[in-house]
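Take a look at the structure set out below.
Sequence lines set the chain letters: A, B, ... in the order given, protein chains first and strands last, and positions in each chain run from 1. Computed from a predicted structure; not experimentally measured.
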2 protein chains.
Amino acid sequence: MLPAICRAVLTSRRKLANQSFKRVFETFRMSDRAPTTPDKILDLAEAMFAESGYRAVSVRSITRACGVNIAAIHYHFGSKEALLKQIFAKRSAAINNARFRLLEACRPGPERPPMLEQILEAYLRPSLVLPNGDVGARRFMRLRAILAHEHATLSKGLISKHFNHVSGTFIGALMKELDHLPARGVYWRFHFLLGAQYFTLADPGRIQILSEGACDPADADAALAELVAFTAAGFRAPPADHHALILGTVLS
Amino acid sequence: MLPAICRAVLTSRRKLANQSFKRVFETFRMSDRAPTTPDKILDLAEAMFAESGYRAVSVRSITRACGVNIAAIHYHFGSKEALLKQIFAKRSAAINNARFRLLEACRPGPERPPMLEQILEAYLRPSLVLPNGDVGARRFMRLRAILAHEHATLSKGLISKHFNHVSGTFIGALMKELDHLPARGVYWRFHFLLGAQYFTLADPGRIQILSEGACDPADADAALAELVAFTAAGFRAPPADHHALILGTVLS
DNA sequence: GTCTATAACTCGATAGAC
DNA sequence: GTCTATCGAGTTATAGAC
């Protein structure tokens with residue numbers, strides 16, 4: 001008796017929910033916004049992972065935020081990890097395209113900055129500054145930075161798969177400009193550049209505290225200009241002298 | 001009947017375990033090594049957090065690795081978070097002391113590197129290079145780096161509490177050497193320095209892949225020398241010109 | 001003080017009703 | 001194809017036996 005009543009109530013509710021979902025769906029279609037359930041999940045999951053990390057965000061919280069059923073992620077993607085991989089596939093192509101386009105636009109010229117600064121800007125701009133006010137790329141790069149620290153084994157494969165090509169190309173371009181440095185030196189400095197970039201994107205709030213609010217990594221244009229200036233000088237420095245450090249003996 | 005037998009077996013086992021633990025305990029006491037259960041937990045938890053992150057390591061896995069009871073962490077520390085706080089309290093004092101001692105040893109001199117390089121070495125050496133082969137400080141700094149990205153809210157308070165003083169002192173010392181820079185510029189560059197340091201300590205394996213093994217952040221002396229050279233040049237660079245970037249219009 | 005047992009959750013994943 | 005219900009394994013934390 002009671003089960004039957006419950007079932008009837010639930011069924012009617014489900015139908016109502018479906019109808020209202022269909023209305024929302026149609027609205028999205030009309031205005032060319034991300035409409036389908038998979039796209040909505042992809043977008044919201046990316047935002048939530050970038051905000052709080054991969055492990056801290058459950059599939060339940062994602063589906064709840066999307067207003068879709070708990071089973072939707074497994075139905076459309078197969079697993080939580082597969083969802084993350086899809087996010088990487090979607091975003092990294094766009095960022096890499098932007099980097100290559102900017103790299104092609106680099107050329108020497110009297111009215112232009114030195115080539116080193118141009119190459120660095122070409123590499124850093126797509127991850128730091130949002131084109132057309134799209135928060136997507138920046139958000140994804142923060143996710144990348146967090147994941148690299150939070151879950152090294154998972155991130156290592158993803159980063160290698162999607163970014164080895166573009167990073168290698170830029171390291172090659174940098175080496176051509178830096179013939180005073182051995183290859184090892186260029187790798188080390190590119191590593192420091194990555195660290196500074198990740199830290200800016202992850203934005204753990206340290207610089208705001210230390211500078212009492214004078215600096216904010218969310219100010220993307222300032223961050224880009226400061227980072228290009230800093231790293232360009234770092235790359236131009238003479239090769240490191242591994243015997244120049246003298247404080248090693250102070251601590252008994 | 002059976003319960004009584006079981007209980008007897010368990011009790012004898014427990015007594016045996018206690019006896020052998022006491023032997024180990026005495027051995028540790030004799031050789032002045034970390035002996036007590038809390039110290040053992042503190043040390044192993046730090047190692048495991050540094051290896052895999054905070055969230056990924058359960059109190060169960062820590063107690064299991066220590067060979068102590070599951071309840072030991074809550075008995076001795078109160079909670080998983082309190083254990084982490086204890087780790088921070090223990091380590092940060094030692095690192096900060098080392099940094100202050102090295103900073104005091106900095107002075108200009110004809111046979112010495114420039115003051116800027118000395119100050120940077122004083123700041124970076126205690127976190128990168130292990131004194132007396134103790135892996136503790138380095139391991140802890142990796143934990144710091146990971147936690148800052150993995151769990152910003154938890155890390156922010158801990159870092160502020162233990163490191164605001166030393167960071168402020170070093171920023172002040174850097175500003176005295178860098179009168180060509182506005183304060184904002186020094187803050188930005190210190191932020192990049194932190195990012196490069198964290199990335200080196202967290203060591204997500206990126207540089208090894210890109211350099212095909214030519215560089216390894218685990219080579220602490222090389223990392224320190226390269227990082228000092230890179231950041232010193234970065235700090236000496238003229239103030240960033242926020243209008244020097246020209247590729248902003250390439251991506252329509 | 002040290003242990004077991006378990007409470008009280010949350011997680012990812014899935015089977016099966018609709 | 002969308003949903004509910006639930007499985008099984010994980011988690012932190014604690015009460016109470018010893």
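Rounded to an integer number of Å, the gap from Arg55(A) CZ to dC11(C) P is 15 Å. Between the NZ atom of Lys80(A) and the P atom of dG10(D) there is a distance of 16 Å, given to the nearest Å. Leu84(A) places its CG atom 13 Å from the P atom of dG12(C), with the value rounded to the nearest Å. Rounded to whole Å, the distance from NZ on Lys40(A) to P on dT2(D) is 11 Å. Straight-line distance from the CD1 atom of Ile41(B) to the P atom of dC3(C): 11 Å, rounded to whole Å. Distance Ile70(A) CD1 to dT10(C) P: 12 Å, rounded to the nearest Å. Asn69(B) places its CG atom 13 Å from the C1' atom of dA13(D), with the value rounded to the nearest Å. When rounded to the nearest whole Å, the span between CD1 of Ile73(B) and P of dT11(D) equals 12 Å.
For His76(A), the side-chain atoms get nearest to dT2(D) when compared with the rest of dT2(D), dC3(C), dT4(D).
When side chains are defined from C-beta on, Phe140(A) counts as touching Phe88(A), because their heavy atoms get closer than 4.5 Å. The shortest distance between side-chain heavy atoms of Glu46(A) and Leu42(A) does not fall below 4.5 Å.
Below 30°, between 30° and 60°, or above 60°: for Phe199(A) and Tyr198(B) the angle between ring planes is above 60°, a perpendicular geometry.
Counting non-hydrogen atoms of other residues, nucleotides and ligands closer than 6.0 Å to NZ of Lys90(A) gives a total above 12.
For the pair His74(B) and dT14(D), the criterion of a side-chain N or O lying under 4.0 Å from OP1 or OP2 is not met. Contact annotation: Ser58(A) side-chain N/O to dT10(C) OP1/OP2 distance is not under 4.0 Å.
Along DNA chain D, the nucleotide closest to Tyr75(A) and the one closest to Arg60(A) are compared, and the more 5′ of them pairs with Tyr75(A).
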